[in-house]
2 protein chains.
Amino acid sequence: MSSSVQPKRVRKNPEARRAEIVAAAAGIALAEGLECITMRRVAEELDVRPGLISHYFPVAEELVAEAFGTAAGGELAELLPEADAALPAVRRLARFLGRTEGRRYDELSRLWLNARHLSRFRPALRERVGQQEALWRDGLTALLRDGVESGEFRTPDPHVTAIQLLVVLDGLGAHANTDRTGRPAAITGMAYALAERELALPPGALGAPH
Amino acid sequence: MSSSVQPKRVRKNPEARRAEIVAAAAGIALAEGLECITMRRVAEELDVRPGLISHYFPVAEELVAEAFGTAAGGELAELLPEADAALPAVRRLARFLGRTEGRRYDELSRLWLNARHLSRFRPALRERVGQQEALWRDGLTALLRDGVESGEFRTPDPHVTAIQLLVVLDGLGAHANTDRTGRPAAITGMAYALAERELALPPGALGAPH
DNA sequence: CACGCTATTGGATGTGCGACCAATAGACAA
DNA sequence: TTGTCTATTGGTCGCACATCCAATAGCGTG
């Protein structure tokens, strides 16, 4: 028969293995969905036996929660890079909004949608969703506050504006699994419009909404 | 032994039975979630054997799609009752928005969230979600158009305004499974604010956002 | 009242899952 | 090199599910 499989075991130190498992699970979460994170599926990804996964995560739900946190946290870091801290706030915001449109962001929209729904049944995940929500909100709030302090923006409450922006992005992202062809620009540009209005920026200041 | 169960079979005509099954499934969808619609669960609800359900719905996914359509369609009919057709559009819109806030609407938010996510994996459901989306959009558009024609509102494109409103409602509803205590009024009132702004209504014209 | 149609049952089959555990074999220290 | 520790295996168990099917019994027709 075929001998394409090598039952050779590779022994790694626990922290590294654990990180590897979470990373694999996060990848599955983004590409296939949180419900595809199963002991068997993750094990297959790492070419390892399922028992090993459940050794590191005795309860599957923990791994799902951890995977979501890693995936969402990683994406946030890409959307609001620390490295950009020196840039003008307007420019950072424009970049942020720019990244939240287009197909590239769909994967992330789907992940949030997935997590928001699944957290209905999984307390550990719900916890993580709350944490990530706070991180996203605070990150965006900090950006807006920077802009206000530097005089680029004007808004009575950066915190509220940040939440409003995220609500609109959630609303737009909710349709990530639906057909959105022919959606008018007045819809796809809602986040831009809201930001410009709430921050007292001239129309178009954040870049062409398309 | 216990004889609390009566293996008495009740024989109904196919259309009635089918409708009964869909209704039961729709109830489960709203109360527990679409993934709880299983042959067994629905059968239990109707005090019937699982095989009967799969007789009427040979493929489970069809029942899920049908149940969602029934549940969402029924709720829409409550939100935009035909009986209100004679009322002023402003009043109808105020009612609509009023019903979309508060705990009562959470069940429906959860259903939409559920369906939007699950339709990622279930083509038949995705189809239904698209249909219901159109129904909601068209219903709200008709309301706005009425208001424009009667001179109550002013908006260049009722269709676009309707979608914008629904996007905001989706965004707010996305958090139906999350803790939202202490959410500022500027967030909970976003739909009111958007409607008043886009329809050129004076602030508060649609009722106190809280 | 008897009969036939078919709605309904009861059970079987196969799949994928989480959870659990004793046995095994790498890697590292003595 | 030998021995020990433990990361990893390979397998088992029970559960819930969709799907399928032959047998059964309610109901309307005649």
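Numbered from 1 within each chain, the chains take letters A, B, ... in sequence-line order. These figures come from a predicted structure and were not determined experimentally.
- Whole-Å rounding puts the Arg122(A) CZ to dC17(C) C1' distance at 11 Å.
- Per the geometry, CG belonging to Leu52(B) stands 15 Å off C1' belonging to dG11(C), to the nearest Å.
- Remark: Glu133(B) does not engage Arg128(B) in a salt bridge, criterion side-chain N to carboxylate O under 4.0 Å.
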Run Arg41(A) and Glu45(A) through salt bridge (Lys or Arg N to Asp or Glu O under 4.0 Å) and show every step you take. CA-CA 6 Å; Arg41(A) 179 72 186 79; Glu45(A) 198 72 14; 2.6 Å; yes
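- Non-hydrogen atoms lying under 4.0 Å from DNA chain C are contributed by Pro58(A), Val59(A), Ala60(A), all within residues 56-68 of chain A.
- In terms of position on DNA chain D, the residue among Arg40(B) and Gly51(B) whose nearest nucleotide sits closer to the 5' end is Arg40(B).
- If you check residues 20-27 of chain A against DNA chain C, you find no residue with a heavy atom closer than 4.0 Å.
- If you measure from atom CD1 of Ile53(B) to atom C1' of dG10(C), you get 15 Å, rounded to the nearest angstrom.
- Counting to the nearest Å, the C1' atom of dG16(C) and the CD1 atom of Ile37(A) are 17 Å from each other.
- Across all strands, Arg17(B) comes closer than 4.0 Å only to sugar-phosphate atoms, never to a base (heavy-atom distances).
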Reading 5' to 3' through nucleotides 22-30 of chain C, protein heavy-atom contacts under 4.0 Å coded B for base, S for sugar-phosphate only, - for none: --BBBS---
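- Residue-level contact check: Pro14(B) touches the backbone only, with heavy atoms under 4.0 Å from sugar-phosphate atoms and none from bases.
- Between the side chain of Glu82(B) and the backbone N or O of Ala77(B) there is no donor-acceptor pair closer than 3.5 Å.
- Salt bridge status for Arg126(B) with Asp179(A): absent, with no side-chain N to carboxylate O gap under 4.0 Å.
- Of the possible polar contacts, none joining the Glu75(B) side chain to the Leu108(B) backbone as a donor-acceptor pair under 3.5 Å is found.
- Distance, Glu35(A) CD to dA16(D) C1': 17 Å, rounded to whole Å.
- For Trp112(A) and Phe68(A), the gap between ring centers is short of 6.0 Å.
- A sub-4.0 Å separation between OP1 or OP2 of dA19(C) and a side-chain N or O of Ser54(A) is absent.
- Between Arg49(B) and dT8(C) there is no side-chain N or O to OP1 or OP2 distance below 4.0 Å.
- Under 4.0 Å is where a charged nitrogen must lie from a carboxylate oxygen, and between Arg180(B) and Asp106(B) at least one such pair does.
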